[in-house]
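Heads up, the thing below is written out as structure tokens.
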There are 2 protein chains.
Amino acid sequence: MSQHSGSEPEVVEERSGPKTERGRRTLRRLLDAAGEEFGARGYHDTAISNITQNAGVGLGTFYVYFKSKEEVFRALVADMGARTRHAMTESTRGAHDRLEAERLGIQAFIEFVRSHKALYRVVMEAQFVAPEAYRAYYRTFAAAYRQQLAQAASRGEISEGQDDEVRVWALMGASSFLGIRYGIWDAETDSGSVAAAASDLMINGLAPRAQKDKAPK
Amino acid sequence: MSQHSGSEPEVVEERSGPKTERGRRTLRRLLDAAGEEFGARGYHDTAISNITQNAGVGLGTFYVYFKSKEEVFRALVADMGARTRHAMTESTRGAHDRLEAERLGIQAFIEFVRSHKALYRVVMEAQFVAPEAYRAYYRTFAAAYRQQLAQAASRGEISEGQDDEVRVWALMGASSFLGIRYGIWDAETDSGSVAAAASDLMINGLAPRAQKDKAPK
DNA sequence: TCGGAACCTGAATGTTGACTCATGTTTCAA
DNA sequence: TTGAAACATGAGTCAACATTCAGGTTCCGA
């Protein structure tokens with residue numbers, strides 16, 4: 001999962017980056033504009049000219065910084081991956097144990113999607129526009145998540161599952177769908193209650209609770 | 001959530017369908033071809049001429065049966081929705097209770113995706129190509145699922161959750177991701193084990209098992 | 001066996017938009 | 001001060017379709 005495997009002649013070729021301050025500013029403008037436009041209209045309905053106009057630069061300038069339309073898109077996806085992981089790490093930092101971290105993580109994810117609707121759309125569309133970037137996004141995420149689970153299990157905070165890869169994908173899927181449902185389609189519902197209900201499911205499962213002491217009302 | 005709200009002048013307009021056997025055969029050919037092509041190359045990289053060639057009909061024939069490229073696509077999504085729900089219903093028919101149904105459902109879903117890789121891709125791409133069809137797909141699915149959960153809860157087979165809508169979306173998300181991960185990206189892993197591991201999570205949750213009687217090995 | 005409905009066809013049209021390139025302009029180290 | 005590297009530009013190129021249309025062909029009931 002190292003970023004630069006170095007043997008493929010592809011992709012890599014890192015443009016060494018703008019040399020001047022002016023260049024760096026223009027690059028950032030283009031990236032921000034691309035994020036906005038792709039996020040709002042989708043990859044195929046976005047023209048390079050939309051991006052350059054939004055960025056306030058000439059059409060040709062785009063190709064000074066990117067080799068193709070797809071390249072910006074990929075850059076955006078990679079950037080979002082880093083940002084998402086960062087947000088997750090931050091949000092669960094204060095958690096007392098993994099079960100609490102799960103709840104905090106779900107809530108943080110919904111909030112994150114809400115405040116990055118456009119960019120999150122880009123990530124999802126990557127599944128079709130830049131499949132390799134999409135897979136990398138989730139592979140990387142899954143690897144980190146799996147490690148969290150393994151550590152928590154060894155601390156006895158969660159059960160030893162039958163297969164952590166499966167658990168991780170199920171958990172990512174749950175969060176992802178909740179992100180769409182409550183982050184994008186319906187951004188009104190309180191994210192705390194959603195996270196509470198969801199983490200209750202993820203932590204205790206569907207199985208009926210062992211009849212504790214249901215105090216008669 | 002009724003299918004035909006009846007006030008929008010849109011979409012509906014049901015082409016009454018082919019009148020002759022020849023027509024019905026051509027329509028089916030076009031639909032099958034569209035499914036194959038869209039599934040293999042994606043919506044935007046598929047040309048109408050790809051579809052008509054695959055179907056073995058003239059280019060113009062396409063427009064005898066569909067108003068536009070998007071229309072076939074929508075038809076395909078709707079068709080897949082029906083097929084998926086049908087497969088799920090069938091697979092869980094023999095379940096003894098809802099917990100068992102969950103396991104069977106997850107496994108059946110993975111199998112279903114495996115045997116309809118192309119078509120399933122179409123469903124996912126609908127999120128960007130035909131968002132309304134995509135939402136309808138999941139809304140319909142969620143409604144049916146919610147009802148299952150509510151009935152199971154009233155029978156005491158599962159816990160009363162805090163919010164069934166949330167549970168349903170978390171569960172759909174989990175299955176969906178497992179479908180991608182083990183149905184499309186890796187179709188080798190035994191779907192039974194995946195479903196077992198996943199349903200263990202969905203049923204019992206992450207929480208450590210109450211220390212029963214761990215028989216010393 | 002006739003007429004019209006249903007169906008079929010592919011060349012032509014028109015648009016769109018990614019990408020190129022020849023020509024500037026700006027920056028900055030020497 | 002200067003020249004070359006870095007950056008900026010937008011008109012023009014070119015290929016790729018989606019959709020139309022005018023003119024067939026096939027089918028079938030009367």
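Proteins come first, then strands; the chains are lettered A, B, ... in the order of their sequence lines, and each starts at number 1. The structure displayed is predicted, hence computed values, not measured ones.
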Next item on the list: State which residues pass side chain to side chain contact (heavy atoms under 4.5 Å, CB included) with Glu21(A); sequence neighbours excluded, sorted by chain then number.
Entry: Arg24(A), Arg25(A)

Margin query: Tell me every residue that passes side chain to side chain contact (heavy atoms under 4.5 Å, CB included) with Ala118(B), counting only those two or more places apart in sequence or in another chain.
Written below: none

Whole-Å distance separating the [atom1] atom of [X] from the [atom2] atom of [N]:
| X | N | atom1 | atom2 | value |
| --- | --- | --- | --- | --- |
| Gln53(B) | dT9(C) | CD | C1' | 13 Å |
| Ile51(B) | dC17(D) | CD1 | P | 12 Å |
| Ile48(B) | dT19(D) | CD1 | C1' | 9 Å |
| Arg24(A) | dA8(D) | CZ | C1' | 17 Å |
| Lys69(A) | dT16(C) | NZ | P | 14 Å |
| Asn50(B) | dG10(C) | CG | P | 16 Å |
| Phe66(B) | dT20(D) | CZ | P | 15 Å |
| Lys67(A) | dT20(C) | NZ | P | 11 Å |

Next item on the list: Quick one: list whatever passes salt bridge (Lys or Arg N to Asp or Glu O under 4.0 Å) with Asp79(B), sequence neighbours left out.
Entry: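 Arg83(B).
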
Notebook entry, point to check: Are Glu90(A) and Arg93(A) close enough for a salt bridge, meaning some N to O gap below 4.0 Å?
Noted result: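 Salt bridge: yes.
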
Note to self: Nearest to the Leu59(B) side chain among dA11(D), dT19(D), dA18(C), which nucleotide is it?
What the structure shows: dT19(D)

Next item on the list: Just compare dT9(D), dA18(D), dC19(C) and give me whichever is closest to any side-chain atom of Thr61(A).
Entry: dT9(D)

Checklist line | Phe177(A): which of Tyr145(B), Phe141(B), Tyr138(B) passes ring-ring contact (aromatic ring centres under 6.0 Å, His included) | finding: Tyr138(B)

Notebook entry, point to check: What string of B, S and - do you get for nucleotides 21-30 of chain D, 5' to 3', when a contact is any protein heavy atom under 4.0 Å?
Noted result: -----S----

Expected list for residues 27-34 of chain B: side-chain donor-acceptor pairs under 3.5 angstrom, two or more places apart:
{"residue": "Arg28(B)", "atom": "NH1", "partner": "Asp32(B)", "partner atom": "OD1", "Å": "2.9"}
{"residue": "Arg29(B)", "atom": "NH1", "partner": "Ala55(B)", "partner atom": "O", "Å": "3.3"}

Notebook entry, point to check: Should Ser49(A) be listed as having a side-chain N or O under 4.0 Å from OP1 or OP2 of dA18(C)?
Noted result: no

Checklist line | salt bridge (Lys or Arg N to Asp or Glu O under 4.0 Å) contacts in which one or both residues fall within residues 171-185 of chain B, not counting sequence neighbours | finding: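 Every salt bridge (Lys or Arg N to Asp or Glu O under 4.0 Å) pair that includes a residue of residues 171-185 of chain B, provided the two are not neighbours, is Glu165(A)-Arg181(B), Arg181(B)-Asp186(B).
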
Notebook entry, point to check: If you find the nucleotide of DNA chain C closest to Glu70(A) and the one closest to Val57(B), which residue's nucleotide is nearer the 5' end?
Noted result: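 First, find each residue's nearest nucleotide; the 5'-ward one identifies Val57(B).
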
Note to self: Base, sugar-phosphate or nothing for Thr46(B)? Non-hydrogen atoms, less than 4.0 Å.
What the structure shows: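 The residue Thr46(B) makes sugar-phosphate contact but no base contact.
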
